[in-house]
Each structure stands twice: as C-alpha cells, then as structure tokens.
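Everything on this sheet refers to the single structure shown next.
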Amino acid sequence: SVVAAAIKGHFYKWEVEYMFWSPDGKENVVMGINGRFPGPTIRARAGDTIHIELLNKLHTEGVVIHWHGIRQLGTPWADGTAAITQCVINPGETFSYRFTVDRAGTYFYHGHYGMQRSAGLYGTLIVDVAEGEKEPFHYDGEFDLLLSDWWHQSVHQQEVGLSSIPFRWIGEPQTLLINGRGQYDCSLAAKYNKNLINECNIKGGEQFAPYILHVQPNKTYRIRIASTTALASLNLAIGGHKMLVVEADGNYVQPFLTNSLDIYSGESYSVLITTNQKPNNYWISAGVIGREPHTPQALTLLNYLPNSVSKLPKFPPPVTPPWNDTARSKAFTKKVLAHMNTPKPPKNYDRRIILLNTQNKYNGFTKWAINNVSLSLPATPYLGSLKYGLQGAFDQANPPENYPEKYDVMKPPVNPNTTVGSGIYKFGYKNTVDVILQNANALKTGVSEVHPWHLHGHDFWVLGYGEGKFTNNDESKFNLKNPPYKNTAVIFPYGWTALRFVADNPGAWAFHCHIEPHLHMGMGVVLAEELNVLVIFLMRLLLVV
Ligand SMILES: O=C1O[C@H]([C@@H](O)CO)C(O)=C1O
C-alpha cells in the first residue's frame, strides 16, 4: 500500500488547450495545461514513477509532451517526440505517459510537435533525492525559475513565415518571461530612467505580475533555473549576490562562483545564494546574449523580508554583458566541469560522427542542414517503424557521417543547395559514440550563430570546445578527467563541440538544435539504438514479474 500511495501521488490528469492569457500584459492565446500557464510543476523523488494521462482538448491540432532531461531508461515510447517516439495525440484523444524519474535534478517538460513549445506548452519538473538520501550541499529554501521568450505573433504565423518564399524570419522576442511572467511596454525598473519607458502599474494579482523571490536574511537558497526559450540565449544575474553553480542538466558540477550565469535553451542549472547582503531588495535580471538583442531584460525581485516588495532596490538591475562578447561566454561555459562523483567517460570511442551545421536552401526555402541533410520527419514514428521493420516508412540509407574535406566553415556555402531526408544513425548496443558538432558560416557572409544541441535518452560528456574546423589533432586536447555530463551543449560561432555518449538505451532518439524555429527548419538528426535489446529487456522484466 505504501507503493500504491507513492504511485497515486504522481498520477496526474492533464488537459491541454488554447486559452486567453496575458504573459506580458498584452492579451494573447497560449497553450495551457489544466487552465494554467506555464503548466503545473511536477515534483517527485528519484526512483518514483510518474503517470500522466494527457487529454488533447485542442480542436484542430495533435499534441505530445517531452520530458526534457529524463532519460527514459527502458521506456523510449514515453519520450514524447512527435514522429520519432509516438504519433501525435489527436484532438479528443488521451495518451498515458508513464516513466521513472531515475535521478534527482532540475528538469522541465514541453511540447515537441511543430512549434508548440513556442506557443507556451511547458512547465517545470523537479526531482528530489530519494528518501533518506542527501544533496551534496545544504540550503534552507528553494525557488524554481523557468525562463522563456515570448512573441506577439502566433506560432502559426511564425511557422508560415519560416516555410514561405521569400523566407520570413520570426525576429527577436517581444518579451522574456520568468515562470511565464514578463512586462511589455513598461518596466519594473522604469524609476531609474523615467524618460525612457513607462513604469508598470502592477497590483500583484495580474498574470504578468513578476514572480518574486521572498527570502529571509542570512540563509542559503537554491535557485533552480531552466531555459525553455524558443530562441534566446540568456545571461542571468542577481544584484549584489554571487551565485555558486552546483548543478547542470541534472548532474552535480564542481561548484564555482559567478556574478552571472549563461543559460542556453534546453539547459538547466542550480545555483546557491546566501542572503548575507544589506537587507534591501535586489534585482534579478535575465538578458539576451549571442544574438543582437531587441528585447528588454526580464526582471524580478529578490525580496529580503520583511521589506515591502514596493521598496525600490538601491541600484538599477545588473547590466547584461555585451551580446557578442563570445570570449566571455566561452570562458563561462568552460567553467562547467563535472563533480567528482560523476560517471567518467570511456577512454576510447567505437565510432565518430562529424555533424556539419549549415544554413542552406532547398527549392528556394531556407533550411538548416546537418551534413547537407535537412531533417524531414516521416508520417510514421521511427520507434514503431524500427520495431516492426517497416522499411518504407523512412529513408533507409544512412545519412553521411562527415562532410567534404574541402568545405570552408568560415565562408557561406559555395553550393547552398541542401537535400531533405529522414535517414537515421544506427548504433550497436553499448557502442561508445563521439559526435563532433561543427559550426559554420550561415548563408550571409560573416554570420555564424550559436546553437544549443540537445540529446534525448542520454547524457553526454562534453569533451571539449574549439575554434574553426575540428581536426584529428584536436583529440589530444579532450578532457577525459572531469568533462561535464549534460544533455544540452552549445556550439559557438565558427567553432566545434565534441561530445561522447554510450548508446545504452534502446530506442529512437532526437538529437537537435533546441532553437525551436531551427529544429522546425530541419536542424536535427535521429539516432537509433538496438531495439532487439529492448525486446530482451522486456522479456527479462516479464520473467521477474
Ligand atoms: O534561421 C535563421 O534565419 C535568420 C537569418 O539567418 C535569416 O533571416 C536567423 O537569424 C536565424 O537564426
């Protein structure tokens, strides 16, 4: 009965529908769950089973939900990726997600069909350590911040723009949101420069009222920060307080102090702060880096009790570092190293795949391609096609594992024409795979963008980052001692990022740029791991039960 109670505790009935909402003070339509935006927070303990019965109440669209950072060990069908692990849930239909959250950490969930994440289909997922276990650090209280970006144009308009000739880019977001709350056309910090922008007239109950962090003096707080932005890379800072970074993507890291935190879409971090400053209020700000910003900072308050929240902090909000200071961003990213108890990477790899990231054209459409293949998802989900051997369901040829040696990553593509395909990379059970993500120049001369790559079903070790074209000599610089163990890693402009993972989770897994419009334009690949092993695993399970 204890077991039954635990399972019952994590049974949720969710209904997804569009609803009117004002995330930033301007009424719009968002995707809500059970009438809420963002969706409800899931909180469980490591080892627990989560069971979500998802009813699609959208009238004309399918839906799925992906549990970002949860590896789905032995449950590939619960990963929630449309056309990869499942058919979309049709309007009026219910689908049951049942999976184990095997490891404590900061995670989130989001739509993984079309651009539904951009439409607001997301929420927080926190896994606490198992009963009787302890975190490797102490804290008195906790806050969870889910960061996102918001456009006033609907995702349908955005999507039509991306797939039109001429191409219409979505542009920069209107507002940055913290826990689904932001302010458009007014600022919480207007008092510092009155002539520039209006002060927000907020009473507290509004949908766009900031989520304020109320703290007691002289305590330690854990702030969990996850980014589900559609586009923006962010830098977050807390006035007057240093942050001790202790977790990244569900794994503990070697703690390090920082004044500000870079966070790319798909990443999550935990930081510890100590409220040992003068008992005033302080600004928490998040601003755009990596792309030229046209969006004001997201703002909220660190409110030292018993101060009123209306007491203005002494200093204006922290200034976001220059968006194009990539040297600073790289230095920050390289500080993220594994905690000593993290699993170590195998010393050698069985297979190395080099993935060239380029922006190209296909019949006049603007696309992103990997080794000159822009991903086009098939009608039948890969997981089923692989299990039942449906050879006609997707391209059977393996996609290329490298790109032409003469390709100049520093220049726009000489031949910008790409191909479109649905082929997959297949791995033997427990193969150690190295992936080199190679960035390049986009279509326009002198432009190379930041792309955060996210892997489903696994964590990978980030063995290194480098400039220009990856060569075999770069391998000698790999960090095999304490590489961070993550599920999302960024590639910097004109650079490469080296990852290693063990293909030990049978299934069909998405691996893609976490920028929503980029994935939609084909910036991803699909990996498949030995499904026969899965059958064996299930048979064993049946024997045990
Ligand atoms: O995919 C993208 O398209 C635009 C630009 O390259 C063309 O308008 C942009 O900034 C992207 O990230």
Side-chain angles (χ1 to χ4, degrees), residues 114-115 117-119 148-153 155-176 227-235 262-267 287-295 322-324 326 329 355-377 408-420 437-454 488-495 497 511-525:
M115 302 218 298
R117 179 162 59 92
S118 296
S148 60
D149 43 8
W150 185 246
W151 280 256
H152 291 159
Q153 194 179 51
V155 287
H156 305 290
Q157 263 178 297
Q158 291 180 37
E159 196 284 325
V160 172
L162 297 174
S163 44
S164 287
I165 302 174
F167 176 69
R168 292 195 204 176
W169 176 239
I170 63 167
E172 296 300 308
Q174 273 67 61
T175 313
L176 300 176
S227 174
T228 186
T229 56
L231 177 65
S233 306
L234 299 172
N235 176 274
D262 286 0
I263 181 163
Y264 298 91
S265 179
E267 289 188 317
V288 174
I289 53 164
R291 304 177 62 95
E292 194 176 348
H294 293 284
T295 315
W323 69 274
N324 53 0
T326 39
S329 310
L355 301 178
L356 176 72
N357 290 234
T358 54
Q359 193 182 30
N360 320 61
K361 292 276 182 178
Y362 178 74
N363 290 344
F365 295 101
T366 304
K367 295 280 185 189
W368 287 91
I370 306 308
N371 291 345
N372 211 38
V373 182
S374 185
L375 180 64
S376 158
L377 291 169
D408 186 349
V409 300
M410 307 305 285
K411 300 226 173 79
V414 174
N415 172 5
N417 291 319
T418 186
T419 60
V420 165
L437 292 166
Q438 176 68 58
N439 209 342
N441 198 105
L443 283 169
K444 201 171 148 202
T445 305
V447 175
S448 181
E449 299 184 358
V450 165
H451 303 282
W453 274 74
H454 172 61
T488 304
V490 66
I491 55 173
F492 291 105
Y494 300 109
T497 299
F511 178 40
H512 60 91
C513 175
H514 210 259
I515 292 176
E516 188 87 317
H518 288 180
L519 172 60
H520 201 70
M521 291 158 74
M523 198 168 204
V525 297

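Order of listing sets the numbers, starting from 1, for every ligand and every atom in it.
L162 is listed as a side-chain neighbour of M115, based on a closest heavy-atom distance under 4.5 Å. The side-chain heavy atoms of I370 and M523, taken from C-beta on, include a pair separated by under 4.5 Å.
Listed by chain and residue number, F511 satisfy the ring pair (Phe, Tyr, Trp, His ring centres under 6.0 Å) test with W453 (two or more places apart in sequence, or in another chain).
Ring centroids of H518 and H520 are separated by 6.0 Å or more, keeping the two rings apart.
For the residue pair K361 / T418, no side-chain donor-acceptor distance below 3.5 Å is found, with atom types taken as modelled.
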In sequence, state the C-alpha distance, the side-chain angles, and the governing distance for Y494 and N441, and then conclude on side chain to side chain contact (heavy atoms under 4.5 Å, CB included). CA-CA 7 Å; Y494 300 109; N441 198 105; 2.6 Å; yes
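Protein residues with a heavy atom closer than 4.0 Å to ligand 1 are F167, W169, R291, Q359, W368, E449, H518, M521, listed by chain and number.
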